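What follows is a short report on a single structure.
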Amino acid sequence: MFKKSGILNCQLKNKMRELIPKYQQDLKDVKTKYGDKVIGEVKVSQVLGGMRGIQGLFYETSKLDANKGILLRNQNLFDLTKSLRYKGSEEPIVESLLWFLFTGEIPTEKQTEFVINDLHKRNYEMHVGDVDKFEKFLQTLPCDMHPMTQLSLSVLYLQKFSKFAKAYRSGVNKSQYWETYYEDCMNLIAVLPRIAAIIYNKCFHEGRKTEKYDYSRHYAENLAHMMGYNSDEIINYLSHYLVLHSDHEGGNVSAHTSFLVSSALSDPFYSYSAGLNGLAGPLHGLANQEVLRWLLDCQKAIGADASDEALIKYTKDMLAQGKVIPGYGHAVLREVDPRYVIQVQFGDRYMPNDKLFKLVKQCYKVIPNILKETGKVQNPWPNVDCSSGVILYHYGIKEFDFYTVIFGVSRALGVLPTLTWARAYGLPIERPGSVTLDWIKNKFADKI
Ligand code: AMX
C-alpha cells in the first residue's frame with residue numbers, strides 16, 4: 001500500500017506554491033515590457049486556412065519548432081527520454097514527466113516517488129469513494145459505442161466529483177482557483193488507466209474482469225497490468241508511449257480545445273472531455289488507428305515482402321482516390337517528427353524483424369518522395385502516429401479502435417498541468433474575433 005505522510009502528500013503542490021508567485025510576476029513583467037510589441041501579421045489565407053502559423057496562444061509546457069521538433073519545457077524529447085527515467089528503468093516514466101511538466105524541473109528520485117505514491121493515494125480514494133457506481137456506469141456503455149466516446153463520457157461522469165466546481169460555487173478567491181484545479185487534474189490523471197483498461201477488457205476481451213489496481217506498480221505498469229499485459233517490453237513501451245504523446249504545444253486540436261473550454265472556468269473534467277472529442281478525429285489522434293488499418297490493407301494488397309515499386313504504386317493509387325496517407329504530414333513540423341524517430345529506435349531494439357514494422361520503415365523510404373511530387377503537401381515526413389500502432393500490434397494489442405484511448409490517457413499528462421498553470425496565471429476567457437467573407441472583401445476591395 002502507499003505511504004500516508006502528510007508532508008509527503010503535498011510535495012508537488014508545495015513546489016507549485018513556491019513557483020507560482022515567481023511565474024506570475026514574470027508574466028506581469030512580460031506584459032508590461034512587451035505588451036505593445038507585434039508578434040506577427042495575420043494574412044487572409046491564414047484566417048481561411050485553419051489559422052495555420054498564427055502565434056496567438058500562450059501555452060507554457062511545450063513548444064514546437066518547425067525544424068528542431070518538439071520541446072517540453074525547453075528540453076528536447078531525446079534528452080528527456082533519458083532524464084525522466086527512474087531507478088534504472090529503460091524508459092522514461094510518467095510520474096517523472098508529471099513532476100517535470102508541473103514544475104519545469106527534472107525530479108529527483110524522491111520527487112518521482114512522491115508522484116507515484118500520490119497517484120496511488122488518489123486511486124485509493126477513488127476506490128473507496130464511488131467506484132462501484134462509476135464502474136457500473138462504464139459497464140452499461142455499449143461496445144458498439146467507439147472507445148473514445150466511452151472514455152469521454154467516463155470523464156464527464158466524474159465531473160460530479162470536481163473540487164474546483166464545488167469551490168467555485170462556494171465563492172473561492174480567484175487566487176486559489178489553481179489549488180482545486182490541480183486536485184481535479186491529478187485525480188483525473190490517476191484514474192484514467194483504470195477507465196481505459198475497463199473499456200479495453202469489456203469491449204475487446206468478452207467483458208473479462210479488470211484486474212485490481214496494484215499499489216506496488218507505477219502508472220504505465222498499472223495500465224498494462226489492468227489491460228492484462230505484464231511483460232517488461234510492453235510496460236517499457238507503454239511508459240515510452242505515454243511520455244512521448246503527452247504534450248505537443250497549445251495549437252493542436254485536443255490541447256487547444258481543452259484550453260479553450262477551461263478558459264471559461266469549466267472544470268478539468270468538462271475541459272478534458274472536450275479535448276478528447278477532438279483527439280477522436282481522424283486528422284488528429286485517430287490517425288494512429290488509421291495508419292494500422294492502412295498498413296494492414298497495404299500488406300494484404302501487395303504482400304508481406306513487396307518491392308518498393310509495388311508500394312509506390314499502392315500509395316499513388318490511394319492518393320488518386322483522394323485519400324490521405326495517414327501518419328504522414330503535419331500542420332507545423334517541417335521535419336521528421338522526433339516522436340517517430342524515437343519510436344522507430346524502440347522498434348529497432350525490440351522488433352527489427354516484425355514484417356509490419358519493416359513495412360513502416362519501407363514506407364519511410366518511398367512515401368515522402370511521392371508526397372513531395374504532389375506539390376502541395378507542406379510536410380511529406382512521418383508523424384507520431386506513423387509508428388505507434390505497429391508496436392502495439394506487435395505486442396498483441398491488436399484492437400486498433402482502442403489505440404486513441406491510450407493516446408487520450410497520454411495527452412492528459414501534458415494538457416492537465418497546463419490547465420492548472422492557466423488558472424495559476426489567472427488567464428482570461430479566450431475570445432478571438434472572427435470575420436466573414438464579405439468583411440474580407442469590403443476591407444480589401446479597393447486596395448488591390
Ligand atoms: N496524404 C495526402 N495528402 C496530404 C497529406 C497526406 N499525409 N498531408 C497533407 N496532404 C494534403 C492536404 O490534404 C492538403 O490537400 P488539399 O489542399 O487538397 O486540401 C494539402 O496536402 C496541404 O496540406 P498541408 O498544409 O500539408 O497539411 P495540413 O496542415 O492542412 O494538415 C495534417 C496536416 C496532419 C492534417 C495532414 O498532413 C494529414 O491529413 N495527414 C494525414 C493524417 C495524419 O497523419 N494525422 C495525424 C497528425 C498528427 C496528429 O495530430 N496526431
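Whatever order the structure lists them in is the order used to number ligands and atoms, beginning at 1. Just so you know, these numbers come straight off a predicted model, no measurement behind them.
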| query | Considering only the protein, which heavy-atom contact is closest to atom 25 (O) of ligand 1, and what is its distance? | reply | Q378 CG, 3.1 Å

| note | Residues Q343 and S387: closest non-hydrogen pair is CB-OG, 3.5 Å

| query | Under the 3.5 angstrom rule, does the side chain of K202 hit a backbone N or O of L141 as a donor-acceptor pair? | reply | yes

| request: Compare all side-chain heavy atoms of M226 with those of N201 and state whether any distance is below 4.5 angstrom. | output: no

| Among F137, F269, Y270, the one residue meeting ring-ring contact (aromatic ring centres under 6.0 Å, His included) with Y157 | F137

| query | Side chain, backbone, both or neither: which part of R52 comes within less than 4.0 Å of ligand 1 when only heavy atoms are counted? | reply | side chain

| Sub-3.5 Å N/O-N/O distance, G327 and ligand 1 | yes

| request: Go through ligand 1 atom by atom and flag the ones less than 4.0 Å from a non-hydrogen atom of A287. | output: 43 (C), 44 (O), 45 (N), 46 (C)

| said: Quick check against the 3.5 Å criterion: does S410 have a side-chain atom that pairs as donor or acceptor with the backbone of S246? | reply: yes

| Numbering as shown, the atoms of ligand 1 that approach L319 to under 4.0 Å (heavy-atom distance) | 2 (C)

| Distance from atom 36 (C) of ligand 1 to nearest protein heavy atom, with residue and atom | Y328 O, 4.4 Å

| task | Return the residue, atom name and 0.1 Å-rounded distance of the protein heavy atom closest to atom 1 (N) of ligand 1. | result | I325 N, 2.8 Å

| said: Under 4.0 Å and counting heavy atoms only, is there anything from the protein next to atom 30 (O) of ligand 1? | reply: yes

| query | Can you tell me if E221 uses its side chain to pair, donor with acceptor, with the backbone of H218 under 3.5 Å? | reply | yes

| Identity and distance of the protein heavy atom lying nearest atom 37 (O) of ligand 1 | G329 CA, 3.4 Å

| message | Does this structure show an ion pair linking K163 with E179, if we count only N-O contacts that are shorter than 4.0 Å? | response | no

| query | What do we get for A331 next to ligand 1 when only non-hydrogen atoms under 4.0 Å count, side chain, backbone, both or neither? | reply | both

| field | ligand 1 contact on T374 by region, counting heavy-atom pairs under 4.0 Å | value | neither

| query | Of all the non-hydrogen atoms in the protein, which one sits nearest to atom 50 (O) of ligand 1, and at what distance? | reply | H284 ND1, 2.8 Å

| query | Can R73 and D247 be counted as an ion pair, charged N to O under 4.0 angstrom? | reply | no

| Distance filter under 4.0 Å to D385 heavy atoms, resulting ligand 1 atoms | 46 (C), 48 (C), 49 (C), 51 (N)

| said: I'd like to check which ligand 1 atoms, numbered from 1 as shown, lie under 4.0 Å from a non-hydrogen atom of L283. | reply: 39 (O), 45 (N), 46 (C), 47 (C), 50 (O)

| query | What part of N383, side chain from CB on, backbone N/CA/C/O, both or neither, has a heavy atom under 4.0 Å from ligand 1? | reply | side chain

| Would you say atom 41 (C) of ligand 1 has a protein heavy atom nearer than 4.0 Å? | yes

| Under a heavy-atom criterion of less than 4.0 Å, does V377 contact ligand 1? | yes

| request: Look at atom 13 (O) of ligand 1 and say which protein heavy atom is nearest, naming residue and atom and giving the distance to 0.1 Å. | output: V324 CG1, 4.2 Å

| said: With heavy-atom distances below 4.5 Å as the criterion, would you say the side chains of L413 and V94 are in contact? | reply: yes

| field | Residue and atom name of the nearest protein heavy atom (relative to atom 27 (O) of ligand 1), distance in Å to one decimal | value | H330 O, 4.5 Å

| query | Where does the angle between the aromatic ring planes of Y340 and Y364 fall among parallel (under 30°), tilted (30 to 60°) and perpendicular (over 60°)? | reply | tilted

| said: Suppose we measure from atom 12 (C) of ligand 1 to each protein heavy atom; which comes out shortest, and what is that distance? | reply: K376 CE, 4.9 Å

| Which atom pair, heavy atoms only, marks the closest approach of Q46 to E41? | OE1-O, 3.6 Å

| request: Look at atom CG of D36 and say whether more than 12 heavy atoms of other residues, nucleotides or ligands are closer to it than 6.0 Å. | output: no

| query | What is the minimum heavy-atom distance between F102 and M16, and which atoms define it? | reply | O-SD, 3.4 Å

| query | Does the protein put a heavy atom less than 4.0 Å from atom 18 (O) of ligand 1? | reply | yes

